[in-house]
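Here is the structure we will look at.
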There are 2 protein chains.
Amino acid sequence: MAQLTLKDLARKLGISASTVSRALHDHPDISKKTKQLAMDAAEKYGYQPNPMAQSLKKKRSNIIGVIVPEIRHNFFATVISGIEEVTYDAGYIIMVCQSNESLSREIANTKALTANRVAGLLMAISLETTTCDHIKNVIKHGIPLVQFDRVVEELETGKVCIDDFRAAYKATSHLIDCGYKRIGFLAGREGISLNRMRFNGYFEALKNHGATYYPELNINIGGCRGKNGRYGADEYLKMDNPPDAVLAINDPVAVGAFCRCREAGLRIPEDIAFAGFSGSPESALIEPALTTISQPAFEMGKTAASLLLKQLDSKDEAYTPKTIILETELLIRGSSWKRGTK
Amino acid sequence: MAQLTLKDLARKLGISASTVSRALHDHPDISKKTKQLAMDAAEKYGYQPNPMAQSLKKKRSNIIGVIVPEIRHNFFATVISGIEEVTYDAGYIIMVCQSNESLSREIANTKALTANRVAGLLMAISLETTTCDHIKNVIKHGIPLVQFDRVVEELETGKVCIDDFRAAYKATSHLIDCGYKRIGFLAGREGISLNRMRFNGYFEALKNHGATYYPELNINIGGCRGKNGRYGADEYLKMDNPPDAVLAINDPVAVGAFCRCREAGLRIPEDIAFAGFSGSPESALIEPALTTISQPAFEMGKTAASLLLKQLDSKDEAYTPKTIILETELLIRGSSWKRGTK
DNA sequence: AACGACACCGCAAACGTTTTCGGTAGTATT
DNA sequence: AATACTACCGAAAACGTTTGCGGTGTCGTT
């Protein structure tokens, strides 16, 4: 019933708890024989050290904290899956929190996780996160941190993301190539760098290809879920001069807008084309399939976790945080055809 | 940098740590004045109790363990979201593990979570889970447990699920009503009760409506992801007498099979109809949309978590575990039309 | 014979809490 | 004036580890 403790084990063996502890940790001061004895007994009685006691003593747990905006987002769920994969192998377990895209909630999350003395932290910030004292606070506590996907640039932490500028640039260029003239942009609040980067890529592509930027087609849809996409589409539908193509901040938004437009009787891509970000499963299922920037979500989770683990191992030495940019691919599909070819 | 401890706070106030502890816990032995003093100081200096020390002392943490087969499954991601929602409000945080549909991994997960002295455990078993000593072990450790979705019936634990038999029965009856004659069934391994229940519902519906059960159309596809669905469809496509309708164990499988069949040139639902389980987002996106049993995933997470919390609160008294059956709805959509009406 | 070197092990303190048990005032009761 | 409450607080042990330090015994060296 109650877990076996180190003392119990020591008593059974007739030696002291400290010796058993050292034996199980392969300490040089302990003889081969005693070590074998201890390990056998531990095995036999199924001894499991109490992580709380260990953490208390070592001031550091075997827990890795993860904060994502929303677990339900396929993208983040997949990232978490990747994280879990490598942290599991390394003997850590993950504590998952979601900020629900709210700053206050994110702050509460960081507090809860630092209070729980997580060994390290992996996070993607919320859409509301413009200030980042709470993140600095994590760093001040000496907790290694790796940001992924949505990062705040200024902070000196490990980072794993994609080249948002280039990806958006590529996607927009593709739309221009296809012959679309009025290209809209749908994104949430402007605060976070990811949104800015993608917008910049979109904007630069327009400029460099001599296409016009119509500010009214750049709509702040306030979030990045399907419903926000639908809202954006509604705005477009009200216009006298709606866009003929749309770059959305991610697939759910693209799909939401896509569906709304089709419900309104628009043909895709003849009347309006779409491109998104993520390469989510649903992007391949809709008809026509969605042109999208495929992001390696699982990979991102794995690399972020690996980066953190490396940081944890080399904790004592001075460690300069690395930034890793993962490759993306523009998947050209039915939702954006060359004008006139269909 | 280092977190402020109770002792630090006590020293600052010139009173003992025990008094501060009691004050912050609103213990009757402490005067109003001292309590106010302590709370103010705690507020001012941002004191946060160390959960590891608390857990060590109280032999019970503020962590709730969650084990799911796969985080990436939209269904489970949504359940987790629901869990997080209510546990967060109650001051717990969740530790998420995935079994990857593997029994050995699930066992490792339960071990890790009990080792971490989780206050309670929420789980949906893997497809491989036929033996359940590891779960019994959790119970023996006195850790309250609530199963959801995929439950093992025999165990005396809290349970939150749907009426799998009735749901499958309803869906199958619908297909029969539509005029389909050769109705197939796609599911993973037979071990777990959920699969059995759904099969039984399917089987009984066939029997009670005078429809024939063709054993060769009941294929064990070995898993419950899209690729397994595709595999099932491949098997069907090889047959001289393929089914004219298919009930799949869940939406990903249904969608996988659906897409494979369409790739093979079959028309849906004229040549072959489909029905799934979950009411996942993608079920609504494919064309024609998938007929499916909508399951309240978010709700399921919330109820499971609430049930567990209730169990945690009334821990001392004898508590008889409850089973909660959530309502489902048959969403009839384009993938299953009445024969001849189209 | 005395000395250090070495291998091995235990004592006890520490980590930050909670909680039991007392202890000290002060006040009210006989 | 002795007793009995009450109200409030502190010392110390405990939770299960880890670890610094010291201690014992054995051995080889002078």
Side-chain angles (χ1 to χ4, degrees), chain A residues 1-39 41-42 45-63 91 114-119 141-142 316, chain B residues 1-39 41-42 45-63 91 114-119 141-142 316:
Chain A
M1 168 112 187
Q3 284 271 16
L4 194 79
T5 93
L6 198 59
K7 284 183 193 167
D8 298 334
L9 205 59
R11 204 169 314 126
K12 281 186 199 291
L13 289 171
I15 56 184
S16 82
S18 15
T19 301
V20 180
S21 171
R22 276 189 269 250
L24 296 179
H25 285 89
D26 203 26
H27 191 284
D29 264 13
I30 306 298
S31 70
K32 278 262 171 269
K33 189 149 43 96
T34 314
K35 275 179 190 168
Q36 202 46 249
L37 226 62
M39 319 239 341
Y45 297 110
Y47 166 71
Q48 283 186 289
N50 184 327
M52 326 243 87
Q54 286 180 311
S55 310
L56 180 59
K57 193 83 240 271
K58 310 211 290 205
K59 292 170 174 253
R60 170 183 187 285
S61 69
N62 66 327
I63 304 172
T114 59
N116 273 277
R117 307 298 192 277
V118 292
H141 275 75
D316 310 309
Chain B
M1 166 109 189
Q3 283 271 16
L4 195 78
T5 92
L6 196 61
K7 283 183 193 167
D8 297 334
L9 204 61
R11 204 170 311 127
K12 280 185 199 292
L13 289 172
I15 56 184
S16 81
S18 14
T19 302
V20 181
S21 171
R22 276 188 272 248
L24 295 179
H25 285 87
D26 203 28
H27 192 283
D29 265 12
I30 307 297
S31 70
K32 279 260 173 270
K33 191 153 38 101
T34 314
K35 275 179 193 170
Q36 202 47 247
L37 226 62
M39 320 237 340
Y45 297 110
Y47 166 71
Q48 281 186 290
N50 183 326
M52 326 243 85
Q54 286 180 311
S55 309
L56 181 59
K57 192 78 241 258
K58 309 211 290 204
K59 294 175 173 246
R60 172 181 186 285
S61 69
N62 67 327
I63 304 171
T114 59
N116 273 277
R117 308 298 193 276
V118 291
H141 274 77
D316 309 310

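Throughout, a chain's letter reflects where its sequence line sits, starting with A, and its residues are numbered from 1.
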Among C/dT17, D/dG10, D/dG16, which nucleotide sits nearest the side chain of B/Gln54?
-> C/dT17

Does OP1 or OP2 of C/dG10 have a side-chain N or O of A/Ser16 closer than 4.0 Å?
-> yes

How about A/Ser18 and A/Ser21: does a side-chain donor come under 3.5 Å of a side-chain acceptor?
-> no

Side chain A/Ser61, main chain A/Arg117, donor-acceptor under 3.5 Å = yes

Between the main-chain N or O of A/Met52 and the side-chain N or O of A/Asn50, is there a donor-acceptor pair closer than 3.5 Å?
-> yes

D/dT18 P sits how many Å from A/Asn62 CG, rounded?
-> 12 Å

Among C/dG10, C/dC8, D/dT18, which is the nearest nucleotide to the side chain of A/Asp29?
-> C/dC8

Indicate whether OP1 or OP2 belonging to D/dT18 is found under 4.0 Å from a side-chain N or O atom of A/Ser21.
-> yes

Identify whether any heavy atom of B/Thr5 sits under 4.0 Å from a base atom; if not, whether one sits that close to sugar-phosphate; answer base, sugar-phosphate or nothing.
-> sugar-phosphate

Could you tell me whether the phosphate oxygens of D/dG16, OP1 or OP2, come under 4.0 Å of any side-chain nitrogen or oxygen in B/Lys57?
-> no

May I ask you to verify if any side-chain N or O of A/Thr34 is less than 4.0 angstrom from the OP1 or OP2 atom of C/dC9?
-> yes

Can you find a donor-acceptor pair, distance only, under 3.5 Å between A/Arg22 side chain and C/dG10 base?
-> yes

Per nearest nucleotide of DNA chain D, the residue lying toward the 5' end, B/Gly14 or B/Lys58, is B/Gly14

Could you tell me the separation between the CG atom of B/Asn116 and the P atom of D/dG16, rounded to a whole number of Å?
-> 15 Å

Side-chain atoms of A/Leu56 come closest, of C/dG10, C/dG16, C/dC8, to C/dG16

Euclidean distance, atom CG of residue B/Asp8 to atom P of C/dT17 [Å, nearest integer] = 8 Å

Taking atom P of C/dG16 as reference, at what distance in whole Å does atom CG of B/Leu6 sit?
-> 10 Å

Taking the side chain of A/Ser31 as its heavy atoms from C-beta onward, which of C/dC9, C/dG10, D/dT17 lies nearest to it?
-> C/dC9

A/Gln48 CD to D/dT17 P: how many Å, rounded?
-> 10 Å

Residues B/Lys32, B/Gln36; criterion side-chain contact (heavy atoms from CB on, under 4.5 Å); working and verdict | CA-CA 6 Å; B/Lys32 279 260 173 270; B/Gln36 202 47 247; over 6 Å; no

For A/Lys7 and C/dG10, what is the distance between atoms NZ and P respectively, to the nearest whole Å?
-> 15 Å

Counting only side-chain N and O atoms of B/Lys59, is one of them less than 4.0 Å from OP1 or OP2 of D/dG16?
-> yes

Main-chain N/O of B/His27 paired to B/Lys35 side chain as donor or acceptor, under 3.5 Å | yes

Within the structure shown, what part of the strands sits under 4.0 Å from B/Asn50 by heavy-atom distance: base, sugar-phosphate, or nothing?
-> sugar-phosphate

Distance in angstrom units between A/Arg60 CZ and C/dG16 C1', rounded | 19 Å

Does any N or O in the side chain of B/Thr19 come within less than 3.5 Å of the main-chain N or O of B/Ile15, such that one atom is a donor and the other an acceptor?
-> no

Taking only the side-chain heavy atoms of B/His25 (C-beta and beyond), determine which of C/dT19, C/dT18, D/dG20 contains the nearest atom.
-> C/dT18

For atom CE of A/Met52 and atom P of C/dG16, their distance in whole Å = 15 Å

